[in-house]
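Given the structure is predicted, the values throughout are model-derived calculations rather than measurements.
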Amino acid sequence: MKYEWIALFLFLLWMIHKDYQIFKLKRTMLELKNKQAHDCEKSLERDSEIITSIFIADWPEHKTPEPVRRAFDNIVAEQTAASPEVE
């Protein structure tokens with residue numbers, strides 16, 4: 001009977017260890033997923049800024065269509081309002 005209790009105790013320790021490994025794996029996967037989403041968001045923001053600046057820079061100020069200029073001004077206003085202030 002003594003060996004059965006030891007075997008049961010070792011089995012429970014092994015199960016706890018496996019559960020902990022699964023927990024660590026899930027946490028790591030979640031961290032990677034969040035990092036990937038953050039990196040993707042930053043690259044999309046950077047790409048949109050580059051494309052917008054190229055698109056607007058191709059036209060001289062006096063030839064830029066008014067709706068395009070307003071849209072660009074709105075984008076700039078949103079980005080400056082959303083960005084944290086640097087002190």
Side-chain angles (χ1 to χ4, degrees):
M1 185 71 174
K2 181 170 114 177
Y3 294 112
E4 292 169 348
W5 284 108
I6 292 172
L8 179 63
F9 178 72
L10 291 176
F11 176 73
L12 290 175
L13 282 178
W14 180 76
M15 290 298 292
I16 290 170
H17 176 69
K18 289 299 175 188
D19 285 345
Y20 179 69
Q21 286 180 329
I22 292 171
F23 169 75
K24 281 188 354 183
L25 180 63
K26 285 181 180 179
R27 187 179 64 198
T28 304
M29 287 174 51
L30 184 64
E31 288 172 359
L32 288 173
K33 191 175 185 180
N34 289 340
K35 185 181 181 316
Q36 183 181 19
H38 180 71
D39 290 346
C40 182
E41 182 180 310
K42 284 182 96 47
S43 67
L44 283 175
E45 182 179 318
R46 183 194 68 229
D47 292 348
S48 72
E49 288 174 359
I50 291 170
I51 290 169
T52 304
S53 64
I54 291 171
F55 184 67
I56 296 299
D58 284 344
W59 281 322
E61 185 67 30
H62 64 281
K63 291 186 178 179
T64 305
E66 187 60 32
V68 173
R69 197 170 332 132
R70 270 185 296 192
F72 180 71
D73 291 341
N74 290 341
I75 291 170
V76 170
E78 287 176 14
Q79 289 178 351
T80 55
S83 65
E85 293 189 24
V86 179
E87 294 182 7

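The local environment of CD in Q21 is crowded, with over 12 non-hydrogen atoms from other residues, nucleotides or ligands closer than 6.0 Å.
Separating the CD1 atom in I16 from the CZ atom in F11 is a distance of 10.5 Å, to the nearest 0.5 Å. With rounding to the nearest 0.5 Å, the separation of CH2 in W14 from CG in D19 is 9.5 Å. Rounding to the nearest 0.5 Å gives a distance of 10.0 Å between CE of M15 and NZ of K18. Atom CG in L13 sits 10.5 Å away from atom NE2 in H17 (nearest 0.5 Å).
In this structure, L8 is a member of the same hydrophobic cluster as M1, with clusters built from ILVMFWY side-chain heavy atoms closer than 4.5 Å. Residues L30 and F23 do not share a hydrophobic cluster, defined by chaining ILVMFWY side chains whose heavy atoms lie under 4.5 Å apart.
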